[in-house]
Amino acid sequence: MLKAKSITLPNGKIVPFKRSKAPWIILALLICFYYSVQITGFDLQILTKRIGQFWVIIGDMIPPNWNYLNKLWQPLFDTIKMSLLGSLLGSVFALPLAYFASSNIGKNQFVVTATKFILSLLRTLPTLVAALIATFIFGIGTMAGTVAIFLFTIAYVGKLLYEQIENADLKAFEAMQSMGHSTFSAFRYAIMPQIMPNYLSNSIFCFEGNVRYAAILGYVGAGGIGLLLNESLGWRNYANVGMILLLLAVAVFIIENASEYLRKKLL
């Protein structure tokens, strides 16, 4: 398996084939798997013994507590509103950041590098941590959740957007500059039409994901339906948890289908 193969041509010349690296890659993956099991303390026996408790909890969630539904509408709307506002503001602010982070548009290398570093720093900051910090600054409530979603959206959309700008066709951009247009004017009329469909599509997709993320921000006091989910789990009231998850699943399903329809129209 590790021996390099070769073929002999009719003229007697021997042509060797490159030795496959697949066995070494598989060996490295097995070693990494072994040590990851040791480090994490993963125990298959415990998993097989305790997996039944998962179905017990699922059984306690069914049927859900329908009487709890009336208390969920307002927190659900709060979750959607802070997701929508955070996504909208984040997408708007991501555009100028992507402009300054694009190496083919920006002439100042320091500004390009600094902006990319800021976007990278925001991407490394978990949304839950950002929401927790925001609760210390703005207090418990949807304001903190909106800020956390806003920061995440800037990082996500900004990263994708400046990559699209760097891969855009610059022929029209350079032609407009040669006619006397400023960099911003040439960007507006030559680059924006190229990136706008993907920009809007990525923004809508980000909003779709933010609705799901917002549901867990209540664990750190960032408002929305996550607060009730955390409370119900804390009291082991699984019938209420089932109602929350069912309502959230229906809302996310509707939003996903609506956003998918809009993305197909844009692209």
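Note that the structure is predicted; figures quoted are calculated from it, not measured. Hydrogens, waters and symmetry mates play no part in the numbers below; they use all other heavy atoms, side chains included.
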Engineer: Are Leu122 and Ile137 connected in the hydrophobic side-chain network, where two residues link if heavy atoms are under 4.5 Å apart?
Structural biologist: yes
Engineer: Testing the basics here: between Ala214 and Ile149, what is the closest heavy-atom pair and its distance to 0.1 Å?
Structural biologist: CB-CD1, 3.8 Å
Engineer: If you define the side chain from C-beta out and look only at heavy atoms, does anything of Lys71 sit under 4.5 Å from Asn240?
Structural biologist: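 Of all side-chain heavy-atom pairs linking Asn240 with Lys71, none is under 4.5 Å.
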Engineer: Given Phe100 and Ile105, is the side-chain contact (heavy atoms from CB on, under 4.5 Å) satisfied, shown in steps?
Structural biologist: CA-CA 8 Å; Phe100 289 113; Ile105 301 295; over 6 Å; no
Engineer: Would Phe207 and Ser91 satisfy side-chain contact (heavy atoms from CB on, under 4.5 Å), going step by step from the backbone distance to the final call?
Structural biologist: CA-CA 9 Å; Phe207 163 65; Ser91 298; over 6 Å; no
Engineer: Please check if atom CD in Gln38 has more than 12 non-hydrogen atoms from other residues, nucleotides or ligands closer than 6.0 Å.
Structural biologist: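 Buried by this count: over 12 neighbours within 6.0 Å.
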Engineer: Who are the salt bridge (Lys or Arg N to Asp or Glu O under 4.0 Å) partners of Glu231, not counting sequence neighbours?
Structural biologist: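 So Glu231 forms no salt bridge (Lys or Arg N to Asp or Glu O under 4.0 Å) with any residue.
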Engineer: Return the minimal non-hydrogen interatomic distance between Ala94 and Gly158, and the atom names on each side.
Structural biologist: CB-N, 3.6 Å
Engineer: For Glu208, is there any backbone N or O sitting under 3.5 Å from a side-chain donor or acceptor partner on Glu256?
Structural biologist: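 The answer is no, because no donor-acceptor pair under 3.5 Å joins these two groups.
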Engineer: Identify the two heavy atoms, one from Glu166 and one from Ala101, that lie closest to each other, and give their separation to 0.1 Å.
Structural biologist: OE2-O, 3.7 Å
Engineer: When Ile, Leu, Val, Met, Phe, Trp and Tyr are grouped by side-chain heavy atoms lying under 4.5 Å apart, directly or through other members, which residues fall in the same group as Tyr189?
Structural biologist: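 Besides Tyr189, the cluster holds Met176, Met179.
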Engineer: Looking at every heavy atom in both Ser259 and Ile204, which two are closest together, and how far apart are they?
Structural biologist: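 Shortest heavy-atom contact: CB-CG2, 3.3 Å.
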Engineer: Listing request: all salt bridge (Lys or Arg N to Asp or Glu O under 4.0 Å) pairs with a residue in residues 41-63, at least two apart in sequence or in separate chains.
Structural biologist: none
Engineer: Keeping to residues at least two apart or across chains, list the ring pair (Phe, Tyr, Trp, His ring centres under 6.0 Å) pairs with something in residues 55-99.
Structural biologist: Phe93-Phe150, Tyr99-Phe187
Engineer: If hydrophobic clusters are built from ILVMFWY residues whose side chains come within less than 4.5 Å, do Phe54 and Leu245 share one?
Structural biologist: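 Linked, Phe54 and Leu245 end up in one cluster.
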Engineer: Give the cluster check for Leu69 versus Ile62: same hydrophobic cluster or not, with ILVMFWY residues linked at side-chain heavy-atom distances below 4.5 Å.
Structural biologist: yes
Engineer: Given 3.5 Å as the limit, does a donor-acceptor pair link the side chain of Asn104 with the main chain of Ile165, or not?
Structural biologist: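 Answer holds: yes.
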Engineer: Measuring from atom CG of Asn198 to atom OG of Ser203, what distance do you get when rounded to the nearest 0.5 angstrom?
Structural biologist: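 Here the rounded value is 10.5 Å.
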Engineer: Return yes when atom OH of Tyr213 has more than 12 non-hydrogen atoms of other residues, nucleotides or ligands closer than 6.0 Å, and no otherwise.
Structural biologist: no
Engineer: How far does CG of Asn210 sit from CG of Leu88, to the nearest 0.5 angstrom?
Structural biologist: 11.5 Å
Engineer: Flag the pair Leu72 / Leu76 as yes when at least one side-chain heavy-atom distance between them is below 4.5 Å, and no otherwise.
Structural biologist: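 Leu72 vs Leu76: side chains apart.
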Engineer: Under 3.5 Å, side chain of Thr79 to main-chain N/O of Ile225, donor-acceptor pair present?
Structural biologist: yes
Engineer: Hey, does Met82 have a side-chain heavy atom less than 4.5 Å from the side chain of Leu85?
Structural biologist: no
Engineer: Between atom CG of Leu217 and atom OG of Ser83, what is the distance when rounded to the nearest 0.5 Å?
Structural biologist: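 The CG atom of Leu217 sits 8.0 Å away from the OG atom of Ser83.
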Engineer: With heavy-atom distances below 4.5 Å as the criterion, would you say the side chains of Leu160 and Tyr199 are in contact?
Structural biologist: no
Engineer: Is there a donor-acceptor pair under 3.5 Å between the side chain of Gln194 and the backbone N or O of Asp169?
Structural biologist: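 Side chain of Gln194 to backbone of Asp169, a donor-acceptor pair under 3.5 Å: yes, one is there.
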Engineer: Ile118 and Val147: same hydrophobic cluster, using ILVMFWY side-chain contacts below 4.5 Å?
Structural biologist: yes
Engineer: Quick one: CD1 on Ile244 to CE on Met61, what's the gap to the nearest 0.5 Å?
Structural biologist: 9.5 Å
Engineer: Which residues satisfy the ring-ring contact (aromatic ring centres under 6.0 Å, His included) test with Phe205, sequence neighbours excluded?
Structural biologist: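 For Phe205, no residue satisfies ring-ring contact (aromatic ring centres under 6.0 Å, His included) once neighbours in sequence are set aside.
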Engineer: On a heavy-atom basis, which atom in Pro64 and which in Gly242 lie closest, and how many Å separate them?
Structural biologist: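 Between these two residues, the closest heavy atoms are CB-C, 3.8 Å.
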Engineer: Are any of the side-chain heavy atoms of Tyr162 and Thr115 separated by less than 4.5 Å?
Structural biologist: no
Engineer: Transitively linked via ILVMFWY side-chain contacts under 4.5 Å: Ile140 with Leu151?
Structural biologist: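 Per the 4.5 Å side-chain linkage, Ile140 and Leu151 are not co-clustered.
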Engineer: In Å, rounded to the nearest 0.5 Å, how long is the span from CZ of Phe33 to CG of Leu30?
Structural biologist: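 Between atom CZ of Phe33 and atom CG of Leu30 there are 8.5 Å.
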Engineer: Among residues at least two apart in sequence or on other chains, which ones pass salt bridge (Lys or Arg N to Asp or Glu O under 4.0 Å) with Glu163?
Structural biologist: Lys159
Engineer: Could you walk me through whether Leu229 and Leu248 satisfy the side-chain contact (heavy atoms from CB on, under 4.5 Å) test, starting with their C-alpha distance in whole Å, then the side-chain angles of each, then the deciding distance to 0.1 Å, before giving a yes or no?
Structural biologist: CA-CA 10 Å; Leu229 181 61; Leu248 191 60; 5.7 Å; no
Engineer: State which residues pass side chain to side chain contact (heavy atoms under 4.5 Å, CB included) with Ile31; sequence neighbours excluded, sorted by chain then number.
Structural biologist: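 Partners of Ile31 under the side chain to side chain contact (heavy atoms under 4.5 Å, CB included) test: Leu27, Tyr35.
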Engineer: Using a 6.0 Å cut-off, check whether atom CG of Leu233 has over 12 heavy atoms from anything other than its own residue.
Structural biologist: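 For Leu233, atom CG is crowded (more than 12 foreign heavy atoms under 6.0 Å).
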Engineer: Locate the shortest heavy-atom distance separating Ala186 from His181; write the atom from each residue and the value.
Structural biologist: N-CB, 4.3 Å
Engineer: Indicate yes or no: at least one non-hydrogen side-chain atom of Leu161 is less than 4.5 angstrom from one of Ile195.
Structural biologist: yes
Engineer: Would Leu125 and Leu121 count as a side-chain contact (heavy atoms from CB on, under 4.5 Å) here? Give the steps.
Structural biologist: CA-CA 7 Å; Leu125 183 66; Leu121 187 64; over 6 Å; no
Engineer: Ser178 side chain to Ala175 main-chain N or O, any donor-acceptor pair under 3.5 Å?
Structural biologist: yes
Engineer: So how far is it from Leu170 CG to Ile191 CD1, rounded to the nearest 0.5 Å?
Structural biologist: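 These two atoms lie 5.0 Å from each other.
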Engineer: Provide the full list of side chain to side chain donor-acceptor pair (under 3.5 Å) pairs with a residue in residues 122-143, sequence neighbours left out, each pair given once.
Structural biologist: none
Engineer: Applying ring pair (Phe, Tyr, Trp, His ring centres under 6.0 Å), which residue pairs with at least one partner in residues 110-136 are found, sequence neighbours left out?
Structural biologist: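 Ring pair (Phe, Tyr, Trp, His ring centres under 6.0 Å) check on residues 110-136 returns no pairs.
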Engineer: Scan for salt bridge (Lys or Arg N to Asp or Glu O under 4.0 Å) pairs involving residues 74-98, sequence neighbours excluded, and state none if there are none.
Structural biologist: Asp78-Lys81
Engineer: Is a side-chain N or O of Thr40 found less than 3.5 angstrom from the main chain of Ser36, in a donor-acceptor match?
Structural biologist: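 Yes: the side chain of Thr40 pairs with the backbone of Ser36.
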Engineer: Which pairs count as ring pair (Phe, Tyr, Trp, His ring centres under 6.0 Å) when at least one residue sits in residues 222-256, sequence neighbours excluded?
Structural biologist: none
Engineer: Got a sec, which hydrophobics cluster with Leu29, joining ILVMFWY side chains under 4.5 Å apart, including via others?
Structural biologist: Ile25
